[in-house]
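A short worksheet on the structure shown next.
All ligand and atom numbering here is 1-based and tracks the order in the structure. Bear in mind that the values here come from a model prediction, so they are computed numbers and not experimental data.
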Amino acid sequence: MKIKEIGEFGLIGRIASGFRDLIPNGWEGIGDDCAVIPWGDDRSLLVTTDLLVENVHFLRERISAYELGAKSLAVNLSDIAAMGGRPAATFLSLGLPPGTTDTKWCDAFFDGYRSFGVPLLGGDTTSSPEGIVINITVLGTAGNSHIKRRNAARPGDRIVVTGPLGDSAGGLQAILQRLPTDTDTEELIRRHHRPRPHLAEGEWLGAQEAVHAMMDVSDGVASDLLHILRASSLAATVTIGDIPVSPLLERTADKYGWDARKLALTGGEDYVLLLTVDPARFDELQANFRRQFGRRLHVIGECAAGAPEIVYRGEEGQSARLMGFNHF
Ligand SMILES: Nc1ncnc2c1ncn2[C@@H]1O[C@H](COP(=O)(O)OP(=O)(O)OP(=O)(O)O)[C@@H](O)[C@H]1O
Ligand SMILES: Cc1ncc(C[n+]2csc(CCOP(=O)(O)O)c2C)c(N)n1
Ligand SMILES: [Mg+2]
């Protein structure tokens, strides 16, 4: 059978079932943004790893070495934020084409990587016959009662995101369509290359009992919300008109004929947090979040009992079949 037939998540499912019997009691493995390993009586170690491959995750001639260093680490830190943790240390592995990657490029990459100020404790370095390959592992910690998982959503929960969606996808469109650079396309591309992991937000939301499930948005809400729904055995309704889209994306989408909300739901790489919240405590959470961060949370839908599926309430009331990024 070809990998394409079972897809990225079909393959991960096969790996998970093949290795489940080896997981020690009380440890949590494949299935969430981080693995969870007991670390003392009331704390856990969170571990996550992510791979970036040239021409799959980035185009070398379009992203600067500094931005690539920063983005590689940001997308990994985002998985720690997604569980409510705080990053403690990182490991970095690099596969570099010898003829094309010079040490000046490496210096700029490491400057970008350093910009988050989280220690680098080890890694591995090899040559790569074709294209740059980057793997980062991040270790973080969290109090056990603060860890948020994908399987904790409940019927009636509000579905919430911590920031606008689709800017990164707009930036990718601007890159792939080779749009003329103006201040708007430049800013969208900057947002695609320099995502901000919502670390402070994640740690704060981890401490809030009103927050039930949480993850980060890497493949797009259309796919990522399904992970929460499958893990929690719930259905959801998402109101397309409530998807937060920046004025920048809105006007660029108007100009080039893109569907901004479709990009926002399916484009991915926003690295905002996607969470579900007890509806009775949402208003209080919103007020406290505003006080803490000077911005608001965005409600995009709600969970309901039922088979894992998203019903989209469209602007004209119709449902749509939307899917986020899939590697195969
Ligand atoms: N090759 C693999 N071997 C073991 N576990 C894997 C493998 N690939 C993915 N996983 C695990 O499967 C789960 C889902 O992976 P996925 O990559 O979708 O999560 P993520 O890191 O949050 O998302 P993204 O990679 O889009 O940032 C995670 O728990 C991850 O650790
Ligand atoms: C050149 C180029 N083509 C396409 C994309 C889009 N893209 C690649 S991986 C991914 C999901 C997150 O990655 P992962 O699931 O591996 O963490 C997305 C949306 C890109 N960034 N660059
Ligand atoms: Mg994630």
Side-chain angles (χ1 to χ4, degrees), residues 3 6-20 22-23 27-37 46-63 67-68 71-85 131-138 140 148-151 162 165-178 188-189 191-195 197-199 202 213-228 230-231 263-275 323-328:
I3 291 177
I6 56 169
E8 178 184 351
F9 296 104
L11 181 62
I12 293 172
R14 282 166 79 114
I15 298 169
S17 58
F19 285 88
R20 200 162 285 138
L22 295 177
I23 300 174
W27 294 36
E28 294 168 37
I30 300 171
D32 222 309
D33 293 278
C34 299
V36 181
I37 300 173
L46 303 174
V47 187
T48 179
T49 190
D50 256 315
L51 188 61
L52 284 89
V53 175
E54 184 173 346
N55 296 333
V56 174
H57 294 89
F58 60 91
L59 300 178
R60 197 188 332 174
E61 70 277 14
R62 300 302 299 271
I63 192 168
E67 286 169 330
L68 185 59
K71 182 166 179 176
S72 303
L73 184 51
V75 305
N76 277 275
L77 294 174
S78 177
D79 281 319
I80 299 285
M83 301 283 291
I132 296 168
V133 179
I134 302 159
N135 172 247
I136 295 176
T137 299
V138 184
K148 302 296 182 191
R149 297 172 175 81
R150 296 177 181 184
N151 66 7
T162 55
L165 299 167
D167 285 348
S168 176
L172 180 60
Q173 283 311 306
I175 291 169
L176 297 178
Q177 294 178 19
R178 302 196 165 275
L188 284 175
I189 292 171
R191 291 180 192 183
H192 177 70
H193 285 154
R194 288 299 318 261
H198 284 197
L199 280 168
M214 190 155 74
M215 68 180 297
D216 67 336
V217 178
S218 55
D219 293 335
V221 163
S223 290
D224 291 328
L225 177 57
L226 269 182
H227 292 308
I228 288 182
R230 290 194 180 119
L263 274 183
L265 282 166
T266 62
E269 297 186 281
D270 299 299
Y271 300 102
V272 302
L273 301 175
L274 170 67
L275 50 143
M323 279 315 284
F325 188 85
N326 189 322
H327 277 286
F328 303 100

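You'll find the side chain of S78 stays beyond 4.5 Å of the side chain of H198, heavy atoms only. V36 places a side-chain heavy atom less than 4.5 Å from the side chain of L46. Looking at E269 and R191, their side chains never come closer than 4.5 Å, going by heavy atoms from C-beta outward. For the pair E28 and R149, the minimum side-chain heavy-atom distance is below 4.5 Å. In this structure, L226 and F9 have side chains that are not in contact, with every pair of non-hydrogen atoms separated by 4.5 Å or more.
Remark: D224 CG to R150 CZ distance equals 7.0 Å, nearest 0.5 Å. Separation of atoms CZ (R194) and CG (L68) is listed at 11.0 Å; rounding is to 0.5 Å.
Of all the heavy atoms of T48, none lies under 4.0 Å from any atom of ligand 1, so neither backbone nor side chain is involved. The side chain of F9, and not its backbone, has at least one atom closer than 4.0 Å to an atom of ligand 1 (non-hydrogen atoms only; side chain from C-beta on). Contact annotation for R150 and ligand 1: only side-chain heavy atoms (C-beta onward) come within less than 4.0 Å of the ligand. With a 4.0 Å heavy-atom cut-off, ligand 1 is reached by the backbone of I30 and by its side chain too. Of all the heavy atoms of E269, the ones lying under 4.0 Å from any atom of ligand 2 belong exclusively to the side chain.
Without hydrogens or angle criteria, N135 side chain to D50 main chain gives a donor-acceptor distance under 3.5 Å.
At least one N/O-N/O distance between D33 and ligand 1 falls below 3.5 Å. Taking only nitrogen or oxygen atoms, main chain and side chain alike, D50 reaches within less than 3.5 Å of ligand 1. Remark: ligand 2 and H57 share an N or O pair separated by less than 3.5 Å (distance only, no angle test). When only interatomic distances are considered, the shortest N/O to N/O separation between D32 and ligand 1 falls below 3.5 Å. For the pair D219 and ligand 2, the shortest N or O to N or O distance falls below 3.5 Å. The N/O atoms of H327, backbone and side chain alike, include one that comes under 3.5 Å of an N/O atom in ligand 2.
Protein heavy atom nearest atom 10 (C) of ligand 2, with residue, atom name and distance: F325 CD2, 3.4 Å.
Of the options I15, D79, L11, the smallest heavy-atom separation from atom 1 (N) of ligand 1 is shown by I15. Ranked by closest heavy atom to atom 4 (C) of ligand 2, the top entry among D50, V56, L52 is V56.
Among the atoms of D224, no N, O or S atom is found under 2.8 Å from the Mg ion (ligand 3).
Ligand 1 is never approached by F325 to a heavy-atom distance shorter than 4.0 Å. Proximity of A169 to ligand 2 is not established, as no heavy-atom distance is less than 4.0 Å. For V75, the heavy-atom gap to ligand 1 stays at 4.0 angstrom or more. Remark: distances from the non-hydrogen atoms of R14 to ligand 1 are all 4.0 Å or more.
Between K71 and H193, the shortest heavy-atom distance links the atoms CB-O, 3.4 Å. Shown here for C34 and D79, the closest heavy-atom pair between the two residues is SG-O, 3.2 Å.
In this structure, atom 31 (O) of ligand 1 has its sub-4.0 angstrom surroundings free of protein heavy atoms.
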